[in-house]
Participant: 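Here it is, the structure, as C-alpha cells.
For the numbers below, each heavy atom of this structure counts, side chains included, while hydrogens, waters and symmetry mates do not. Throughout, numbering of the chain's residues begins at 1 and tracks the sequence. As the structure is a prediction and not an experimental result, all values here were calculated from the model.
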Amino acid sequence: MTERNLAGKTILMSGGSRGIGLAIALKAAADGANIALLAKTDTPHPKLEGTIHTAAEQIRAAGGRVLPIVGDVRNDDDVTEAVLKTQGEFGGIDIVVNNASVIDLSRSLDLAAKKYDLMQDVNVRGTFMLSRTAVPILREAGNPHILSLSPPLNITPKWLGAHTGYTLAKFGMTMATLGLAAEFASDGIAANTLWPRTTIATAAVQNLLGGDQVMAASRTPAIYADAAYAVLTRDAREHTGNTYIVEDVLEEEGVTDFSGYAAVPGTPDDRLFPDIFLG
C-alpha cells in the first residue's frame with residue numbers, strides 16, 4: 001500500500017453494524033478517521049451478531065471517533081438528520097459509503113412483493129438519497145468520495161435471469177453511483193462501486209448462500225476493507241466512474257498474495273467460491 005491515509009477524514013456509512021461495512025469502518029478508524037453510522041440495528045438480532053452500539057465500541061477501540069445514528073436509510077427524514085448530525089459533529093463529510101443492502105435470491109415467481117420493494121428501497125433508493133443529500137457537503141471536502149458496495153453491470157442472461165429482483169436492485173445501486181459520478185465530476189466528487197471476485201465470510205453468506213461450506217471457501221471482510229481503503233485514498237478527480245473489483249484494486253496497489261485473506265487459512269485460491277455477477 002502507499003502512504004495515503006484517512007486521518008481526520010469523516011465517513012458517513014449506511015449500515016455498518018457488522019460484516020463488510022464494519023470492517024471498512026475499522027480500517028479507517030485505525031488511521032483516526034471519524035465514522036458516522038446510519039443503521040437500524042439498535043438491539044441485538046436473534047440471527048445476526050452486532051448492533052450499531054457494539055460497532056461503535058469497536059470503532060473507538062480501533063482509534064476512530066464515532067457517531068452512531070439509529071435510523072433507516074429508507075426514511076428521508078432519517079437520511080437528512082444523519083447528514084446534518086455528521087456535519088455538526090465532525091465539521092463536514094469527506095466520504096459516503098453505501099453499505100446497506102438487502103439480499104433475496106428468490107426466483108421471480110417466489111419473490112414476495114414486499115421483499116422486492118424492500119430491496120429497491122434500501123439498495124437503490126437508499127444509495128441515491130444518502131449520496132444526493134450529502135453532495136452539498138461533499139463539495140466542500142478536499143478529496144470527496146462516494147463508494148457503493150455493488151457489482152459491475154453484467155447484463156448477460158446468466159445474471160439477469162438468475163434472481164431478477166435482486167439483480168435489478170444491485171445493478172440499480174451501480175447505475176445510481178455511475179450517474180452521480182458523471183453528474184458531479186466537475187465538482188471533484190468521485191463515485192465508484194466495489195465488488196469481490198469471491199464470496200466474503202459474512203452473515204449473509206452464512207444464512208443465504210450456502211452455510212458453513214461456502215463460508216469455508218470465502219475470504220474475510222478484511223480484503224474488502226483493504227480495497228475500499230485504497231479506493232477512498234485515491235485522488236477523487238482522477239479516479240471516478242469505475243466499477244472496481246476488490247482483487248484488481250489490491251493488485252494495482254502492489255498486493256500479489258491473497259492467501260492471508262482466506263477465511264480458512266491454507267485454502268488455495270482455486271478452491272474459493274466465486275461471487276455472483278462476475279463471469
Participant: Do the side chain of Ser14 and the main chain of Ala100 share a donor and acceptor less than 3.5 angstrom apart?
Facilitator: yes
Participant: Minimum heavy-atom separation for Ser148 and Thr177, please, with both atom names.
Facilitator: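 Between these two residues, the closest heavy atoms are OG-OG1, 2.7 Å.
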Participant: Go through the steps to decide whether Val246 and Leu194 satisfy the test side chain to side chain contact (heavy atoms under 4.5 Å, CB included), and finish with yes or no.
Facilitator: CA-CA 6 Å; Val246 163; Leu194 184 63; 3.8 Å; yes
Participant: Looking at Asp121 and Gly126, would you say the former's side chain and the latter's main chain have a donor-acceptor pair under 3.5 Å?
Facilitator: no
Participant: When you compare the side chains of Asp94 and His145, does any donor N or O come within less than 3.5 Å of an acceptor on the partner?
Facilitator: no
Participant: Can a salt bridge be assigned to the pair Arg125 and Asp76 using a cut-off of 4.0 Å between side-chain N and carboxylate O?
Facilitator: yes
Participant: Please verify the inter-ring angle class for Tyr166 with His163; under 30° counts as parallel, over 60° as perpendicular, anything in between as tilted.
Facilitator: perpendicular
Participant: Is it true that a side-chain atom of Arg107 and a backbone atom of Ala162 form a donor plus acceptor pair closer than 3.5 Å?
Facilitator: yes
Participant: Nearest 0.5 Å please: distance from the CG atom of Asn154 over to the CZ atom of Phe171.
Facilitator: 5.5 Å
Participant: If you count heavy atoms of other groups shown closer than 6.0 angstrom to CZ of Arg60, is the number above 12?
Facilitator: yes
Participant: Can a salt bridge be assigned to the pair Arg132 and Glu183 using a cut-off of 4.0 Å between side-chain N and carboxylate O?
Facilitator: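 No, Arg132 and Glu183 are not salt-bridged.
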Participant: Determine whether the side chains of Lys9 and Thr233 contain a donor N or O and an acceptor N or O closer than 3.5 Å.
Facilitator: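 Checked: Lys9/Thr233 side chains show no N/O donor-acceptor pair below 3.5 Å.
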